[in-house]
Amino acid sequence: MPELPEVETTRRGIAPRLTGARIARVIVRDRRLRWPVPTELEDRLTGARIAAVDRRAKYLLIRTGVENRTGTAIVHLGMSGHLRFVAPGTPPGAHDHVDVEIDAGPVLRFNDPRRFGCWLWTDDDPLEHPLLARLGPEPLDPAFSGDYLHAASRGRRIAIKPHLMNAAIVVGVGNIYASESLFRAGIHPLRAAGRISARRMSVLTAAVGEVLTEAIRYGGTTLRDFYDGDGRPGYFRNELKVYDRAGQPCVTCHRPIRQVTIGQRSTFYCPTCQT
DNA sequence: ACTGGATCCTGACTGC
DNA sequence: TGCAGTCAGGATCCAG
């Protein structure tokens, strides 16, 4: 479900109402997420004050406490997870696995049908957590440059598309935006990562940045079930040039967009414009 | 060290 | 209407 723009849209939606709030109660209805939800989560969150809601890659970091009593809930939405606010007392529906109740405010409710998401806890620096410690640069950070990507791709025979989706190379680029970025850069998704020039890599890193920035501006992409903290869909779907457009005309050359499977993931591209 | 494949899980959709 | 098969926005783990 969510790639970086959707997670960032979620973060921007929930952060204002959570930051500074005190957590009154946490309810975990199903601990069977990607990894079991630790009971430590409720113990540490209850009564704590939220200091910030940050994002690293596709992880949301709900930071609590002050000085020597700090900690962080590490939340991932997986393929099908959502966070949204509901009025206190709203009865939980199917797959509503976690509630975070704040004083005198709405309830933050986590819904995740496929349970690929996670809610974990750490008392330490979350960036040092095993899940986050070895992540690549943020795609909107200047560190994600053409030179960096070129260097990180030397000797790699893997296709550029799954390479872009590898979080050790760059984070936040999922299946939709990998296809969209490659279209924008004019690079064929099956081209070997190690055989793309530094010049083209700099076009590609710029394309990734533009696509993600634009998608955030549109509130993300809603294909079927993404909604922000207030239940609004993302409108970037209308801006997609290749994703989910198999057989439809390329916006540039008008020849049909092609769909192939690369690394078990659907991939869309224009065979004329992308080489 | 890389790479490709299987895997976790539920729901929506397609075709018979 | 029912049922089987396929696919889905992620990412880890494992074998070769």
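All chains are named by letter (A, B, ...) in the order of the sequence lines, taking the proteins before the strands, and each is independently numbered beginning at 1.
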Nucleotide C/dG10, atom P - distance to CD of A/Gln264 in whole Å: 13 Å
Rounded to whole angstrom units, what separation is found between the CG atom of A/Asn166 and the P atom of C/dT12? 9 Å
I want to check something: taking the side chain as every heavy atom from C-beta on, are A/Ser202 and A/Ser145 in contact at a cut-off of under 4.5 Å? no
Give DNA chain B the dot-bracket treatment, 5' to 3': Watson-Crick (N1-N3 with N6-O4 or O6-N4) or G-U (N1-O2, O6-N3) under 3.5 Å, [ ] crossing, | other strand. .|||||||.|||||||
Please pick, from C/dG10, B/dG11, B/dT7, the nucleotide with the shortest atom-to-atom distance to any side-chain atom of A/Phe116. C/dG10
Quick test of your reading of the model: are A/Glu42 and A/Arg31 salt-bridged, counting only N-O distances below 4.0 Å? yes
Contact nearer the 5' end of DNA chain B, comparing A/Pro113 with A/Gly263: A/Gly263
Other members of the hydrophobic cluster containing A/Tyr269, with the 4.5 Å side-chain heavy-atom rule, please. A/Leu190, A/Val260, A/Ile262
Would A/Arg237 and A/Asp244 pass as an ion pair if we require N to O under 4.0 Å? yes
Report, as yes or no, whether the 6.0 Å neighbourhood of atom CZ on A/Arg22 holds more than 12 heavy atoms from other residues, nucleotides or ligands. yes
Any side-chain N or O of A/His95 under 4.0 Å from OP1/OP2 of B/dG11? yes
Between B/dT3, B/dT10, C/dA8, which one does the side chain of A/Arg156 approach most closely? B/dT3
Spacing between A/Trp35 atom CH2 and C/dG10 atom P, to the nearest angstrom: 14 Å
Using a distance-only test with no angle check, is there a side-chain donor-acceptor pair under 3.5 angstrom linking A/Tyr243 and A/Thr221? no
Rounded to whole Å, the CZ-P distance (A/Arg114 to C/dG10) equals 10 Å
Can you tell me if A/Ser80 touches the phosphate of B/dG11, counting only side-chain N or O atoms and a distance under 4.0 Å to OP1 or OP2? no
Does A/Ile158 reach a base, just sugar-phosphate, or nothing at all? Heavy atoms under 4.0 Å. sugar-phosphate
Among C/dA11, C/dA8, B/dC9, the nucleotide that comes nearest once only the side chain of A/Arg115 is considered: B/dC9
Using atom P in both nucleotides, what's the gap between B/dA1 and C/dA11 to the nearest angstrom? 23 Å
Of the candidates B/dG11, C/dA8, B/dC9, the side chain of A/Arg224 sits closest to C/dA8
Can a salt bridge be assigned to the pair A/Asp123 and A/Arg44 using a cut-off of 4.0 Å between side-chain N and carboxylate O? yes
Whole-Å distance separating the CG atom of A/Leu33 from the C1' atom of C/dG10: 14 Å
Closest to the side chain of A/Ser266, out of B/dT10, C/dG10, C/dC7, is C/dC7
Name the nucleic acid region contacted by A/Tyr177, choosing base, sugar-phosphate or nothing; use a 4.0 angstrom heavy-atom cut-off, strictly under. nothing
A/Arg157 CZ to C/dG16 C1', in whole Å, measures 13 Å
Is there a side-chain polar atom (N or O) of A/His76 under 4.0 Å from OP1 or OP2 of C/dA11? yes
Quote, to the nearest angstrom, the P distance that separates C/dC7 from B/dG5. 15 Å
Between C/dT12 atom P and A/Met79 atom CE, what is the distance in whole Å? 14 Å
Mind checking if A/Gly174 touches a base, just sugar-phosphate, or nothing, with heavy atoms under 4.0 Å? sugar-phosphate
Under 4.0 Å between a side-chain nitrogen and a carboxylate oxygen: does that hold for A/Asp230 and A/Arg17? yes
Ion pair A/Glu8/A/Arg12, N-O distance below 4.0 Å: yes
Rounded interatomic separation in angstrom, taking CZ from A/Arg265 and P from C/dA8: 8 Å
How would you label the contact of A/Tyr59 with the nucleic acid (heavy atoms, under 4.0 Å): base, sugar-phosphate, or nothing? sugar-phosphate
Of A/Arg32 and A/Ala159, whose closest DNA chain B nucleotide lies nearer the 5' terminus? A/Ala159
Return no unless some side-chain N or O of A/Arg34 is found under 4.0 Å from OP1 or OP2 of C/dA11. no
